[in-house]
Amino acid sequence: ACYHSSSAGQTEASQNVWLTAVPYLQGVASPWDADAPGFETSVTYSAEQVYTILTGLGLDTDEIPNAPAGWFGEGVLDSAGYVAQMPVCGQVFTGTRLRSAFSLRSAAFTVAYDAGENAFVFTTHGYGHGVGMSQNGAKHLAEQGKSYEEILRYFYQNIEIGDCRSLF
């Protein structure tokens, strides 16, 4: 069973993160995650640091414009609010690839260039890959009196709960 700390407000479908659609790992609303500690966080990278990371992603130095303000385009979000893809210096990258490259807490992020500081501010929502059960959402549902079975059935759609000892 996949789980994460907190979603961006809706859990992510497995195929948007791992390219394989798993029927019980489809997105569900988890609006309580917005109340999680550290739901929104920001990290700042200098333009020089970003340049180094972009070359590590395979961009040729000739492909990176001199003006950092134009390095990142507008991200295309999926239905759960995570970056599905984002143009970077004329190439398109998935949100999960950029999350990994920039060590972001989530693929639900925005990028803003601060010309005065010559730096990029990445702001994320949620923490983790977003697939499966949100630990923060499960905590909220438990505090509302939901049973473990109700919580599991909420986050993992159309599942059967049984004794795993019968499998052996």
Side-chain angles (χ1 to χ4, degrees), residues 1-22 24-140 155:
C2 301
Y3 60 92
H4 56 280
S5 179
S6 60
S7 72
Q10 178 167 327
T11 66
E12 183 66 281
S14 63
Q15 64 268 22
N16 294 339
V17 177
W18 300 311
L19 306 178
T20 302
V22 178
Y24 69 92
L25 294 176
Q26 298 305 302
V28 298
S30 191
W32 322 283
D33 288 338
D35 298 328
F39 172 75
E40 181 178 287
T41 60
S42 295
V43 61
T44 301
Y45 288 100
S46 69
E48 183 179 316
Q49 290 172 309
V50 170
Y51 182 91
T52 300
I53 292 168
L54 294 180
T55 58
L57 281 170
L59 289 173
D60 189 283
T61 55
D62 295 336
E63 297 173 307
I64 303 173
N66 290 333
W71 290 357
F72 291 89
E74 190 70 31
V76 176
L77 305 182
D78 64 22
S79 61
Y82 294 81
V83 174
Q85 52 185 246
M86 180 177 278
V88 182
C89 299
Q91 291 191 29
V92 177
F93 292 92
T94 65
T96 55
R97 182 137 184 239
L98 293 173
R99 174 190 180 216
S100 177
F102 288 96
S103 301
L104 303 176
R105 289 171 55 102
S106 169
F109 66 88
T110 58
V111 185
Y113 177 66
D114 181 339
E117 297 294 323
N118 192 31
F120 291 87
V121 178
F122 292 79
T123 302
T124 62
H125 292 101
Y127 188 13
H129 50 64
V131 179
M133 183 174 62
S134 160
Q135 291 174 306
N136 187 75
K139 177 182 180 284
H140 172 83
F155 285 105

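These numbers were taken from a predicted model, which means no experiment stands behind them.
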Is the backbone of [Y] close enough, under 3.5 Å, to the side chain of [X] for a donor and an acceptor to pair up by distance?
{"X": "T55", "Y": "T52", "answer": "yes"}
{"X": "N136", "Y": "W32", "answer": "yes"}
{"X": "R99", "Y": "F109", "answer": "no"}
{"X": "W71", "Y": "P65", "answer": "yes"}
{"X": "Q91", "Y": "P87", "answer": "no"}
{"X": "D33", "Y": "G137", "answer": "yes"}
{"X": "S5", "Y": "G128", "answer": "no"}
{"X": "R105", "Y": "H125", "answer": "no"}

Taking side chain as C-beta onward, heavy atoms only, is [X] less than 4.5 Å from [Y]?
{"X": "D78", "Y": "E12", "answer": "yes"}
{"X": "M86", "Y": "L98", "answer": "yes"}
{"X": "Y45", "Y": "S103", "answer": "yes"}
{"X": "P68", "Y": "V50", "answer": "no"}
{"X": "F102", "Y": "V43", "answer": "no"}

- Query: Who are the ring pair (Phe, Tyr, Trp, His ring centres under 6.0 Å) partners of H129, not counting sequence neighbours?
  - Reply: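 Per chain and number, H129 pairs via ring pair (Phe, Tyr, Trp, His ring centres under 6.0 Å) with H4, W18.
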
- Query: Between S14 and V22, what is the shortest heavy-atom contact and its length?
  - Reply: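 Taking S14 first and V22 second, the nearest heavy atoms are OG-N, 2.8 Å.
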
- Which pair of heavy atoms, one from E63 and one from G58, lies closest together, and at what distance?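 Scanning both residues completely, I find the closest heavy atoms to be OE1-O, 4.2 Å.
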
- Message: With a sphere of 6.0 Å drawn around CD of E117, does it hold more than 12 non-hydrogen atoms of other residues, nucleotides or ligands?
- Response: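 Not more than 12 within 6.0 Å, no.
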
- Task: Check whether more than 12 heavy atoms from other residues, nucleotides or ligands sit under 6.0 Å from atom OH of Y113, and answer yes or no.
- Result: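 Above 12, so yes.
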
- Query: So, S134 and S6: side-chain donor and acceptor under 3.5 Å apart, yes or no?
  - Reply: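 No, no side-chain donor-acceptor pair sits under 3.5 Å.
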
- Check the pair Y82 / S7 against side-chain contact (heavy atoms from CB on, under 4.5 Å), numbers first and verdict last. CA-CA 9 Å; Y82 294 81; S7 72; 3.5 Å; yes

